[in-house]
Amino acid sequence: MASLSLRGIYKKYPGGVVAVSDVNLEIRDKEFIVLVGPSGCGKSTTLRMIAGLEEISEGELYIGDRLVNDIAPKDRDIAMVFQNYALYPHMTVFDNMAFGLKLRKVPKDEIARKVEEAARILDLTPLLNRKPKAMSGGQRQRVALGRAIVRNPQVFLLDEPLSNLDAKLRAQMRTEISLLHKRLGTTFIYVTHDQTEAMTMGDRIVVMKGGYVQQIDSPQNLYETPCNKFVAGFLGSPQMNFIDAVLTYRSDIQKYAVVFGSEDTKVSRGIKSEVILPDSKVTPDLEHYIDKEVILGIRPENVHDEPQYLANATTGIVKCEVEITELMGAETYLYLDFQGVKLTARVSPKSTARPQDEIDVVFDAEKIHLFDKETEKTIIN
């Protein structure tokens, strides 16, 4: 069993700096879990505490049923893959992969068998006699993975292993690591600042900010039901649009409405916009926010400029100016200006919108999010 349990974990440095605060996390056996967040959020520090490379200031860490706070890294039955590969430049691929086993006095024939098996899994067999300098970044990263595989650890820890690779190779290695996880059937804990890696690889994602865990959930649930504005804005590319708004109650139609924009004639296109909330979005909490400022969130794919949406829209129509268009092949990104607020729409490649055009777009009322203006916690998803 390679389940992990982090219970009230803190990392405090001299001078009162708290890098990680009260992390509580249960990681299931064979789970692929991703720690994600911006630089300095505490994700790598958390990983290094699991590895034993950083001392835990407070809290308890269990691997299986064993408390490992005071157990040396080499005795925790884990393997770590680093961002910079950490290969020995004077050694061949075979010797790099075998090095850890030689230190453990593993018999030579068993070392050869384990290295050859890992090389076969990672497609490194033709490269076993090469040295790292004669290899590409992707090949070196596979050697680093191979060095971890031969140890047959209970837990793999991967600290931003793809950040030194180019975009195409990163996408390829994402797939390879996911397949490797399925093949090995081992617990993987993966740290990245790249939300695309997190969304595509993890069974569950741990979103961190400022040393605190913000939310733990499956990629789809995090995307659709973020617990606060930070999580909503961090996951998704392009990121969610945010607009300052006011929640009102329309007694004439007995519906809640989110109103934003200005009627001031001095403001370019000074027209108020309104999204009437469908019944599916109404919760008892909304009553507390009537006539209060809120933040409206809408993802770019839910902002439409297609004629069929505009023809059928009864709410959520917003007048904007197109600043930039980016044709991405299968879709087009429109970068819009709404009364000084920058918005992004992800629309059909057939869109006829061009820079400097004034256009109407429609916000899909079923897909909007509302956040508390002060706490930034989610009101409705």
Shortest non-hydrogen contact from [X] toward [Y]:
{"X": "Val81", "Y": "Pro161", "value": "CG1-CB, 4.3 Å"}
{"X": "Val275", "Y": "Gly316", "value": "CG2-CA, 3.8 Å"}
{"X": "Asp75", "Y": "Arg66", "value": "O-NH2, 2.8 Å"}
{"X": "Gly59", "Y": "Asn69", "value": "O-ND2, 2.8 Å"}
{"X": "Pro349", "Y": "Ala330", "value": "CD-O, 3.4 Å"}
{"X": "Asn24", "Y": "Gly8", "value": "OD1-N, 2.8 Å"}

| request: Verify whether the ring centers belonging to Tyr190 and Phe156 lie closer than 6.0 Å. | output: no
| query | If you measure only the distance, is there a donor-acceptor pair under 3.5 Å linking the side chains of Gln339 and Ser262? | reply |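 Their side chains do not contain a donor-acceptor pair, so the 3.5 Å distance test is not met.
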| query | For Asn381 and Glu224, does a side-chain donor sit closer than 3.5 Å to a side-chain acceptor? | reply | no
| Quick one: which of Lys114, Arg113, Arg120 gives a side chain to side chain donor-acceptor pair (under 3.5 Å) with Glu117? |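 That would be Arg120.
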Tell me whether [X] is salt-bridged to [Y], with the criterion being a basic N under 4.0 Å from an acidic carboxylate O.
{"X": "Arg204", "Y": "Asp217", "value": "no"}
{"X": "Glu58", "Y": "Lys12", "value": "yes"}
{"X": "Glu54", "Y": "Lys11", "value": "yes"}
{"X": "Lys377", "Y": "Asp372", "value": "no"}

Check: [Y] and [X] side chains under 4.5 Å, non-hydrogen atoms:
{"X": "Ile380", "Y": "Phe371", "result": "no"}
{"X": "Arg28", "Y": "Ser3", "result": "no"}
{"X": "Lys133", "Y": "Pro89", "result": "no"}
{"X": "Val20", "Y": "Met49", "result": "yes"}
{"X": "Lys342", "Y": "Asp337", "result": "yes"}
{"X": "Val93", "Y": "Met97", "result": "yes"}
{"X": "Leu180", "Y": "Leu145", "result": "yes"}
{"X": "Arg104", "Y": "Arg151", "result": "yes"}

Among the clusters formed by ILVMFWY side chains lying less than 4.5 Å apart, do [X] and [Y] turn up in the same one?
{"X": "Phe242", "Y": "Ile379", "answer": "no"}
{"X": "Phe32", "Y": "Leu179", "answer": "no"}
{"X": "Val341", "Y": "Leu296", "answer": "yes"}
{"X": "Val150", "Y": "Val106", "answer": "yes"}
{"X": "Ile359", "Y": "Val318", "answer": "yes"}

For [X] and [Y], indicate whether the former's side chain and the latter's backbone hold a donor-acceptor pair under 3.5 Å.
{"X": "Gln215", "Y": "Val207", "value": "no"}
{"X": "Thr332", "Y": "Met328", "value": "no"}
{"X": "Thr378", "Y": "Cys227", "value": "yes"}
{"X": "Lys281", "Y": "Ala365", "value": "no"}
{"X": "Lys43", "Y": "Pro38", "value": "yes"}
{"X": "Thr315", "Y": "Glu274", "value": "yes"}
{"X": "Lys272", "Y": "Gly261", "value": "yes"}
{"X": "Asn96", "Y": "Thr92", "value": "yes"}
{"X": "Arg147", "Y": "Ala86", "value": "yes"}

State the [atom1]-[atom2] distance between [X] and [Y], to the nearest 0.5 angstrom.
{"X": "Ser136", "Y": "Asp166", "atom1": "OG", "atom2": "CG", "value": "9.0 Å"}
{"X": "Asn241", "Y": "Leu343", "atom1": "CG", "atom2": "CG", "value": "5.0 Å"}
{"X": "Leu286", "Y": "Leu277", "atom1": "CG", "atom2": "CG", "value": "6.5 Å"}
{"X": "Thr187", "Y": "Glu31", "atom1": "OG1", "atom2": "CD", "value": "8.0 Å"}
{"X": "Leu247", "Y": "His288", "atom1": "CG", "atom2": "NE2", "value": "12.0 Å"}
{"X": "Ile56", "Y": "Arg7", "atom1": "CD1", "atom2": "CZ", "value": "12.0 Å"}

Does a sphere of radius 6.0 Å around [atom1] in [X] hold more than 12 heavy atoms from other residues, nucleotides or ligands, not counting ones at 6.0 Å or beyond?
{"X": "Glu110", "atom1": "CD", "answer": "yes"}
{"X": "Tyr249", "atom1": "OH", "answer": "yes"}
{"X": "Glu326", "atom1": "CD", "answer": "yes"}
{"X": "Gln308", "atom1": "CD", "answer": "yes"}

Over 60° means perpendicular and under 30° means parallel, so tell me whether [X] and [Y] are parallel, tilted or perpendicular.
{"X": "Tyr335", "Y": "Tyr333", "answer": "perpendicular"}
{"X": "Phe230", "Y": "Phe234", "answer": "parallel"}
{"X": "Phe188", "Y": "His181", "answer": "perpendicular"}

| said: What verdict does the salt bridge (Lys or Arg N to Asp or Glu O under 4.0 Å) test give for Asp159 and Arg48, after you've listed the backbone C-alpha separation in whole Å, the side-chain angles of each residue and the deciding distance to 0.1 Å? | reply: CA-CA 9 Å; Asp159 190 6; Arg48 290 173 66 82; 5.6 Å; no
Does the structure place the NZ or CZ of [X] under 6.0 Å from the centre of the six-membered ring of [Y], at an angle of no more than 45° from the ring's axis?
{"X": "Arg250", "Y": "Tyr256", "result": "no"}
{"X": "Arg299", "Y": "Tyr223", "result": "yes"}
{"X": "Lys102", "Y": "Phe99", "result": "no"}

| Residue pair Ser351, Asp305: steps toward the side chain to side chain donor-acceptor pair (under 3.5 Å) verdict | CA-CA 7 Å; Ser351 172; Asp305 75 336; 2.7 Å; yes
| Partners passing side chain to side chain donor-acceptor pair (under 3.5 Å) against Asp279 (at least two apart in sequence or in another chain) |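 Here the qualifying residues are Lys255.
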| Checking side-chain contact (heavy atoms from CB on, under 4.5 Å) against Ile189, which of Leu25, Ile50, Thr46 comes through? |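 For Ile189, the side-chain contact (heavy atoms from CB on, under 4.5 Å) check succeeds only for Ile50.
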| task | With side chain to side chain donor-acceptor pair (under 3.5 Å) as the test, would you mind laying out the steps for Glu160 and Thr192 before giving the verdict? | result | CA-CA 5 Å; Glu160 305 211 22; Thr192 182; 5.2 Å; no
| Passes side chain to side chain donor-acceptor pair (under 3.5 Å), Ser280 versus Glu366? Steps please. | CA-CA 8 Å; Ser280 60; Glu366 294 281 354; 2.8 Å; yes
